[in-house]
2 protein chains.
Amino acid sequence: MKPPSEKSAGRRKSRPSFEPLQPHEVELADFFVRMAGILGVPRSVAEIYALLYVSSGPLDFDHIQGRLGISKGSVSQGLKFLRDHEMVLSVKEKGARRERWQPTPSLAASLVALLRSQVLPALEQAQPGLQRVLADAQQRGAQPEVIERLSRLNRWNSRALELAPLLLPPPGA
Amino acid sequence: MKPPSEKSAGRRKSRPSFEPLQPHEVELADFFVRMAGILGVPRSVAEIYALLYVSSGPLDFDHIQGRLGISKGSVSQGLKFLRDHEMVLSVKEKGARRERWQPTPSLAASLVALLRSQVLPALEQAQPGLQRVLADAQQRGAQPEVIERLSRLNRWNSRALELAPLLLPPPGA
DNA sequence: GCCTAGGTTCAAAATTTATTGAAACATCAG
DNA sequence: CTGATGTTTCAATAAATTTTGAACCTAGGC
């Protein structure tokens with residue numbers, strides 16, 4: 001079933017030939033992939049996280065690539081994303097060359113961080129624009145209903161920005 | 001600036017020729033588009049919502065299409081999406097043929113509904129699978145750490161499902 | 001019934017986004 | 001320094017998503 005058509009099963013460098021995901025691992029991966037999809041996180045990233053999540057110890061680069069059957073580039077980028085969002089951390093044993101990865105302790109914290117990183121920039125960037133839109137509407141003497149809507153949007157935006165730092169301290173605090 | 005190169009400015013059926021979005025409208029649309037993007041809602045849908053949001057009265061199909069400069073298909077599908085998620089409602093004046101659209105009163109409620117509709121199905125569908133994954137791990141005598149993770153995931157899932165109906169009653173209650 | 005304004009559908013085209021893999025880069029043991 | 005291992009980059013490709021527009025419904029006036 002697994003065609004051994006790897007060109008020349010080299011003796012020496014012998015790619016360790018990793019197993020594909022087990023059914024129970026696939027199931028979990030599907031769950032993560034779906035949830036991630038809602039936030040626009042790519043499949044490969046969710047798969048990497050899921051794999052680390054069901055694995056007993058930390059896994060190294062080659063294991064991740066081998067078991068998921070995805071490219072080096074994807075693994076690298078996926079780990080970068082997860083690292084940047086503080087969703088995984090590496091444990092490098094002393095004297096070892098390769099890094100080994102595991103999920104950060106709290107999935108909850110990870111999710112909050114992820115959301116923050118997506119929503120906050122949008123809110124921040126929008127702030128001045130929204131204020132301008134409101135001012136504009138007031139000047140033009142727009143319908144009270146519209147003014148009301150735009151005011152509420154502004155209030156929300158402001159409050160969200162105030163609350164944000166409380167949810168989770170900005171990376172580095 | 002606006003090249004009148006519409007082939008034969010037909011007298012009769014005279015496309016009313018709507019204005020493109022004003023700068024302040026564009027600004028708001030950009031905001032909504034960005035926020036929507038986080039949840040994977042397409043640009044055209046966000047634009048429609050934004051337009052209704054800044055407009056004084058309800059708008060009809062042709063106005064939406066004309067002002068946004070998008071295709072009929074997009075308007076139809078966009079309105080369907082917004083309708084399905086209870087983010088807009090139509091007011092059809094008696095004796096009038098066309099429907100006219102406006103945003104539902106509470107943007108907050110709309111957002112919650114939207115989230116619900118994305119997250120809930122995933123949670124529900126995952127429930128049995130997650131339980132199986134956990135049982136599986138226990139049988140195989142997996143590492144306590146992994147068991148712990150999977151248990152927590154299951155607990156979360158269950159709690160989320162219990163809480164969900166409280167957040168907003170299911171459409172039709 | 002027939003006609004038409006008003007809207008929907010859906011396959012094809014355009015656009016966006018993710019993945020791949022080869023080449024470049026980095027780091028460490030020797 | 002050198003050579004090999006381990007990782008990142010990024011242009012090209014593949015895959016997924018969105019938009020378009022023409023054909024197709026549907027309800028209401030006549």
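Side chains included, hydrogens not; waters and symmetry mates left out as well; all remaining heavy atoms used. In what follows, chains carry the letters A, B, and so on, assigned in the order in which the sequence lines appear, proteins first and then strands, with residues in each chain numbered from 1.
- Residue Gln77(A) is classed as a base contact, given a heavy-atom separation below 4.0 Å to a base.
- Closest to the side chain of Arg97(A), out of dT7(D), dA5(C), dC28(C), is dC28(C).
- Rounded to whole Å, atom P of dA5(C) lies 17 Å from atom NZ of Lys92(B).
- Under the 4.5 Å side-chain heavy-atom criterion for ILVMFWY residues, a single connected hydrophobic cluster contains both Trp156(B) and Leu120(B).
- Rounded to an integer number of Å, the gap from CZ of Phe81(B) to C1' of dT8(C) is 18 Å.
- Atom CG in Asp84(B) sits about 13 Å away from atom C1' in dT8(C), given to the nearest Å.
- The CH2 atom of Trp101(B) sits 12 Å away from the C1' atom of dT8(C) (whole-angstrom rounding).
- Cluster annotation: Ile48(A) and Ile38(A) are assigned to the same hydrophobic cluster (Ile/Leu/Val/Met/Phe/Trp/Tyr, side-chain heavy-atom contacts under 4.5 Å, transitive).
- At a cut-off of 3.5 Å, with distance as the only test, a side-chain donor of Glu99(A) or Ser90(A) sits close to an acceptor on the other residue.
- Arg100(B) comes within contact range of no nucleotide atom at all, as no heavy-atom separation falls under 4.0 Å.
- Sequence neighbours left out, the pairs with a member in residues 68-92 of chain A that pass ring-ring contact (aromatic ring centres under 6.0 Å, His included) are Phe81(A)-His85(A).
- The same ILVMFWY cluster, assembled from side-chain heavy atoms under 4.5 Å apart, contains both Met35(A) and Leu111(B).
- There is a path of hydrophobic side-chain contacts, each under 4.5 Å, that joins Val119(B) to Leu161(B).
- Rounded to an integer number of Å, the gap from NZ of Lys80(B) to P of dT9(C) is 7 Å.
- Residues from residues 52-74 of chain B with heavy atoms under 4.0 angstrom of DNA chain C, sorted by number: Phe61(B), Lys72(B), Gly73(B).
- Within residues 35-49 of chain A, the residues having any heavy atom closer than 4.0 Å to DNA chain C are, in order of number, Gly40(A), Pro42(A), Arg43(A), Ser44(A).
- Val33(A) and Leu51(A) fall into different hydrophobic clusters, where Ile, Leu, Val, Met, Phe, Trp and Tyr residues are linked whenever their side-chain heavy atoms come under 4.5 Å apart, directly or through other members.
- No more than 12 heavy atoms of other residues, nucleotides or ligands lie within 6.0 Å of CZ in Arg159(A), so this atom counts as exposed by the packing criterion.
- Neither side chain, Ser44(A) nor Ser74(A), offers a donor N or O lying under 3.5 Å from an acceptor on the other.
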